[in-house]
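Sequential numbering from 1 along the given sequence is applied to the chain's residues. What's counted below: heavy atoms across the whole structure, side chains too, no hydrogens, waters or symmetry copies.
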Amino acid sequence: MIRLPSRLRRLDDALADPAFEDDAMLLCELDGYLAGLAVCPVPIEPLEWLPLVWGGDGVVPFEEPADVQWLRDMVVARYEEVVRDLGNGRLKPVFDVDERNGEILWEPWVEGFAAARSLRPEGWSALTEDDDAAAIAALEAMTVLADIATDASDLTSVEINGICDEAPRLIPHHVARLQAWRARRVDTAAPVAARPVKVGRNEPCPCGSGKKHKRCCGAA
């Protein structure tokens, strides 16, 4: 992986803890997931998107409540950092690197981005009906990358190789175009009241803490 700030190295180590299920996100996939959430046309609350990070039953598998809260806070803090970076036009995706040959492994990042898109497909459909050609092209390019990452592409090997070579350089540009479209759309849209996610007070908190909702995010 590209050299990371200490806070992201700690987050990377925590997400790689053996206590997590195989479908939990590692840092590279998480980073793409957070970028996808940040540019999503429809706001999504952490109570909904956090459990997907942990995989399995959506609960952080740590015994100490302080460790659970620390990890949750670290993920949310990284999300807020991604939002700020996008707003400042300086997104720097966290990609893995193959230590054997130095190849940048962008595929997990794109898979995370696609996972975020899947949470609000109806929201993204609004882009295809818009007249922002640059944003539409960016979304199409990210779809092509997602297909390549999941071995679902119909392109030839030569075409795929050419796209893969350019992917690490182009991904930030594609996401920036989507962010610009989202910002414009938010500026011109009429305010709409968000519908809260209803969770029973005695049900597990959707944030993944493992506590009952009334003793966690639902506390008065």
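Closest non-hydrogen pair, Pro51 versus Pro46, comes out as CD-O, 4.0 Å. Residues Ser118 and Pro121 approach most closely at O-CD, 3.2 Å, considering heavy atoms. The minimum heavy-atom distance linking Glu21 with Gly56 is given by the pair CG-CA, 3.7 Å. The two residues Asp96 and Pro108 make their nearest non-hydrogen contact at OD2-CG, 4.3 Å. Closest non-hydrogen pair, Ala38 versus Leu86, comes out as CB-CD1, 3.6 Å. What you find for Leu91 and Pro172 is that their closest heavy atoms are O-CB, 4.1 Å.
Residues Ser125 and Glu122 have side chains that never bring a donor and an acceptor to within less than 3.5 angstrom of each other.
With hydrogens and angles disregarded, a donor-acceptor distance shorter than 3.5 Å links the side chain of Arg9 to the backbone of Leu4. Using modelled atom types, no side-chain atom of Asp31 and backbone atom of Leu27 make a donor-acceptor pair closer than 3.5 Å. Side-chain N or O atoms of Glu129 include none that pairs as donor or acceptor with a backbone N or O of Ala126 at under 3.5 Å.
Between Tyr33 and Trp109, the ring centre distance reaches or exceeds 6.0 Å.
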> Is there a side-chain contact (heavy atoms from CB on, under 4.5 Å) between Asp130 and Arg184 once you walk through the steps?
Replying inline: CA-CA 11 Å; Asp130 207 324; Arg184 178 175 62 81; 3.3 Å; yes
> Does the pair Trp70 and Phe62 meet the rule for a ring pair (Phe, Tyr, Trp, His ring centres under 6.0 Å), with working shown?
Replying inline: CA-CA 11 Å; Trp70 172 84; Phe62 294 164; 8.2 Å; no
> Taking it one step at a time, do Trp124 and Thr143 satisfy side-chain contact (heavy atoms from CB on, under 4.5 Å)?
Replying inline: CA-CA 12 Å; Trp124 284 105; Thr143 301; over 6 Å; no
>> Apply side-chain contact (heavy atoms from CB on, under 4.5 Å) to residues Glu103 and Val97 and explain how you reach the verdict.
In response: CA-CA 6 Å; Glu103 179 184 358; Val97 176; over 6 Å; no
>> Glu80 vs Arg84, test: side-chain contact (heavy atoms from CB on, under 4.5 Å). Steps then yes/no.
In response: CA-CA 6 Å; Glu80 293 171 348; Arg84 288 195 300 271; 3.9 Å; yes
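Under the 4.5 Å side-chain heavy-atom criterion for ILVMFWY residues, no single connected hydrophobic cluster contains both Phe20 and Leu26. If you chain together hydrophobic residues whose side chains sit under 4.5 Å apart, Trp106 and Leu155 fall into the same group. Leu37 and Val42 fall into different hydrophobic clusters, defined by Ile, Leu, Val, Met, Phe, Trp and Tyr side-chain heavy atoms under 4.5 Å apart, directly or through other members. Hydrophobic clustering (ILVMFWY, side-chain heavy atoms < 4.5 Å, transitive): Met25 and Leu119 are in one cluster. In the hydrophobic cluster analysis, where Ile, Leu, Val, Met, Phe, Trp and Tyr join through side-chain heavy atoms closer than 4.5 angstrom, Ile163 is grouped apart from Leu170.
Note that CG of Leu127 and CG of Leu139 are 5.0 Å apart. Values are rounded to the nearest 0.5 Å. Interatomic distance, SG of Cys40 versus CZ of Arg182, reported as 7.5 Å (0.5 Å rounding). Distance check: Arg120 CZ to Glu48 CD gives 4.0 Å after rounding to the nearest 0.5 Å. Note that the CG atom of Asp73 and the CG atom of Leu11 stand 11.5 Å from one another [nearest 0.5 Å]. Of the inter-residue distances, the one linking Ser153 atom OG with Ile160 atom CD1 reads 4.0 Å to the nearest 0.5 angstrom. The CG atom of Asp17 sits 12.0 Å away from atom CG of Asp12, with the distance rounded to the nearest 0.5 Å.
The side-chain heavy atoms of Arg78 and Val94, taken from C-beta on, include a pair separated by under 4.5 Å. By the 4.5 Å heavy-atom criterion applied to side chains, Ile148 and Glu107 are not counted as neighbours. At least one side-chain heavy atom of Val175 sits less than 4.5 Å from a side-chain heavy atom of Phe113. When side chains are defined from C-beta on, Leu34 counts as touching Trp49, because their heavy atoms get closer than 4.5 Å. Between Val76 and Leu50 there is a side-chain heavy-atom pair separated by less than 4.5 Å.
Around CG of Asn101, the count of heavy atoms belonging to other residues, nucleotides or ligands within 6.0 Å exceeds 12. The environment of Asn88 atom CG is dense: over 12 non-hydrogen atoms of other residues, nucleotides or ligands sit within 6.0 angstrom. The environment of Glu64 atom CD is sparse: at most 12 non-hydrogen atoms of other residues, nucleotides or ligands sit within 6.0 angstrom.
The residues Lys92 and Glu81 are annotated as not salt-bridged, no charged nitrogen and carboxylate oxygen being separated by less than 4.0 angstrom.
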